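Note that the structure is predicted; figures quoted are calculated from it, not measured. Remember, it's 1-based here, ligands and their atoms both numbered in the order they're listed.
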Amino acid sequence: MSTLDFIYRRRSVRKFKADPVPEDDIRELLKAATWAPSGKNLQNWHFVVITDARKIAEIARLVEDKNAKLAEYLTDEAKIKTFRGSVPYHTVFKGAPALILIYASPYETIADLLTEAGILPQAEALRYGRPNPGIQNIAAATENFLLAAASLGYGTCWMTGPTYAAEEISACIGFAKPGFHLAAMTPLGIPAESAGANPPRKPLDEVVTFIR
Ligand SMILES: Cc1cc2nc3c(=O)[nH]c(=O)nc-3n(C[C@H](O)[C@H](O)[C@H](O)COP(=O)(O)O)c2cc1C
């Protein structure tokens with residue numbers, strides 16, 4: 001038992017029991033999400049909680065339809081097959097008792113200001129925007145949510161795959177907040193699968209450099 005077990009307990013869960021998640025638990029997890037750090041303490045996130053099983057199923061259908069539509073634009077047969085084959089990974093929330101949509105609003109950086117002012121060539125200004133602190137804020141909140149959920153025994157799966165149907169999803173649930181777009185989502189529920197292992201990680205030495 002290590003104090004870091006709350007990290008190692010989390011894994012992506014893609015099948016869930018139907019048991020509903022008590023709203024108090026969802027609120028606790030969302031509070032943990034908002035405890036994440038954010039650049040300028042902007043807290044540029046908004047969470048939409050869906051527990052209506054029909055809506056969750058409808059969202060999965062919208063993703064399936066949009067995937068089929070987008071596949072028509074591809075010309076390479078192998079890429080079409082891969083993209084179409086990703087549908088099950090874009091709809092893993094199908095049978096979950098809750099789906100959390102994570103919306104993001106922009107975070108203005110020097111890259112935006114320079115691009116706007118036209119002072120630097122756009123390519124150079126865009127380079128300064130690569131760290132994208134706005135999305136880092138969202139990622140921090142999402143990871144907090146996932147770790148907190150695992151600590152309470154819930155399964156989650158960070159998902160960006162289905163965001164190509166963002167507009168259709170937002171229209172389906174009737175949610176709109178000016179300046180916000182759908183950045184990620186996660187199902188939430190009790191895992192149905194027997195606890196498997198996380199996929200392997202790259203060796204630490206491959207992804208770490210010490211400058212001593
Ligand atoms: C930004 C991001 C997007 C992801 N999108 C999806 C997704 O759309 N569908 C999915 O099944 N898993 C998705 N995942 C989960 C990854 O596949 C998973 O985290 C990775 O394989 C490592 O497995 P683990 O989470 O069990 O440790 C996503 C993860 C991240 C961080």
Side-chain angles (χ1 to χ4, degrees), residues 2 4-17 29 32-33 36-38 44-48 50 56-71 74 79 81-104 107 130-170 172 180-204 206-208:
S2 140
L4 295 185
D5 273 356
F6 74 101
I7 303 262
Y8 299 120
R9 195 172 293 144
R10 186 213 60 81
R11 57 185 287 271
S12 292
V13 172
R14 297 183 173 91
K15 286 205 163 42
F16 299 86
K17 293 186 178 168
L29 298 177
S38 63
N44 56 315
W45 43 62
H46 190 103
F47 305 89
V48 176
I50 306 169
I56 293 175
E58 206 178 324
I59 290 171
R61 269 194 303 278
L62 289 173
V63 173
E64 285 160 0
D65 291 351
K66 190 69 182 276
N67 182 289
K69 195 170 165 198
L70 292 179
L74 296 173
K79 286 188 176 145
K81 207 172 158 215
T82 306
F83 183 61
R84 293 188 74 105
S86 64
V87 165
Y89 287 95
H90 297 169
T91 53
V92 302
F93 53 81
K94 235 178 194 173
L99 176 63
I100 319 296
L101 306 182
I102 305 157
Y103 284 79
Y107 173 105
R130 277 185 195 157
N132 200 336
I135 283 300
Q136 291 197 36
N137 296 344
I138 302 305
T142 303
E143 181 68 353
N144 265 20
F145 186 93
L146 266 52
L147 292 176
S151 290
L152 295 192
Y154 292 112
T156 54
C157 183
W158 191 324
M159 301 179 74
T160 56
T163 57
Y164 50 69
E167 280 176 28
E168 291 83 351
I169 293 169
S170 299
C172 161
F180 281 75
H181 71 275
L182 182 63
M185 63 180 77
T186 178
L188 175 70
I190 298 170
E193 320 161 62
S194 58
N198 300 71
R201 271 17 186 200
K202 294 177 182 172
L204 209 53
E206 193 182 318
V207 296
V208 177

Checklist line | Counterpart residues, ring-ring contact (aromatic ring centres under 6.0 Å, His included), relative to Tyr164 (two or more places apart) | finding: Phe83, His90
Check: Does any N or O atom in Arg11 lie less than 3.5 angstrom from one in ligand 1, N or O only?
Finding: no
Next item on the list: Compare all side-chain heavy atoms of Thr163 with those of Ile169 and state whether any distance is below 4.5 angstrom.
Entry: no
Checklist line | Shortest reach to atom 9 (N) of ligand 1 by a heavy atom, considering only Tyr89, Trp158, Phe93 | finding: Tyr89
Check: Any ion pair linking Glu167 and Lys66 (charged N to carboxylate O, less than 4.0 Å)?
Finding: no
Check: Taking only heavy atoms of Cys157, which atoms of ligand 1 are found under 4.0 Å from at least one of them?
Finding: 10 (C), 11 (O), 12 (N)
Next item on the list: Report the part of Arg201 (side chain from C-beta onward, or backbone N, CA, C, O) that has a heavy atom under 4.0 Å from ligand 1; answer both or neither where that applies.
Entry: side chain
Next item on the list: Can you measure from CG (Leu99) to OG1 (Thr186) and round to the nearest 0.5 angstrom?
Entry: 8.0 Å
Item checked: atom 17 (O) of ligand 1 [closest protein heavy-atom partner, distance rounded to 0.1 Å] -> Arg14 NH2, 3.2 Å
Which atom pairs, one a donor and one an acceptor, fall under 3.5 Å between side chains of residues 135-146 and the rest of the protein, sequence neighbours left out?
{"unit_1": "Gln136", "atom_1": "NE2", "unit_2": "Pro131", "atom_2": "O", "d": "2.7"}
{"unit_1": "Asn137", "atom_1": "OD1", "unit_2": "Gly39", "atom_2": "N", "d": "2.8"}
{"unit_1": "Asn137", "atom_1": "ND2", "unit_2": "Asn44", "atom_2": "OD1", "d": "2.9"}
{"unit_1": "Thr142", "atom_1": "OG1", "unit_2": "Ile138", "atom_2": "O", "d": "2.7"}
{"unit_1": "Asn144", "atom_1": "ND2", "unit_2": "Ala32", "atom_2": "O", "d": "2.8"}

Check: Does ligand 1 have a heavy atom under 4.0 Å from the side chain of Ala184, from its backbone, from both, or from neither?
Finding: neither
Margin query: With nothing but distance in play, are any N or O atoms of Gly161 less than 3.5 Å from an N or O of ligand 1?
Written below: yes
Check: Would you say the side chain of Pro187 lies within less than 4.5 Å of the side chain of Met159, judging by non-hydrogen atoms?
Finding: yes
Item checked: Distance-only donor-acceptor check, side chains Tyr107 and Ser38, under 3.5 Å -> no
Check: When you measure from atom 18 (C) of ligand 1 to every protein heavy atom, which one gives the shortest distance, and what is it?
Finding: Ser12 OG, 3.5 Å
Notebook entry, point to check: Hey, which atoms in ligand 1 end up nearer than 4.0 Å to a heavy atom of Asn198?
Noted result: 24 (P), 26 (O), 27 (O)
Next item on the list: Distance to 0.1 Å, residue and atom name: give those for the protein heavy atom nearest to atom 3 (C) of ligand 1.
Entry: Thr160 OG1, 3.2 Å
Checklist line | atom 20 (C) of ligand 1 - nearest protein heavy atom and its distance | finding: Pro199 CG, 4.4 Å
Checklist line | Reported CD1-to-CZ distance for the pair Ile100 and Phe47, which is rounded to 0.5 angstrom | finding: 9.0 Å
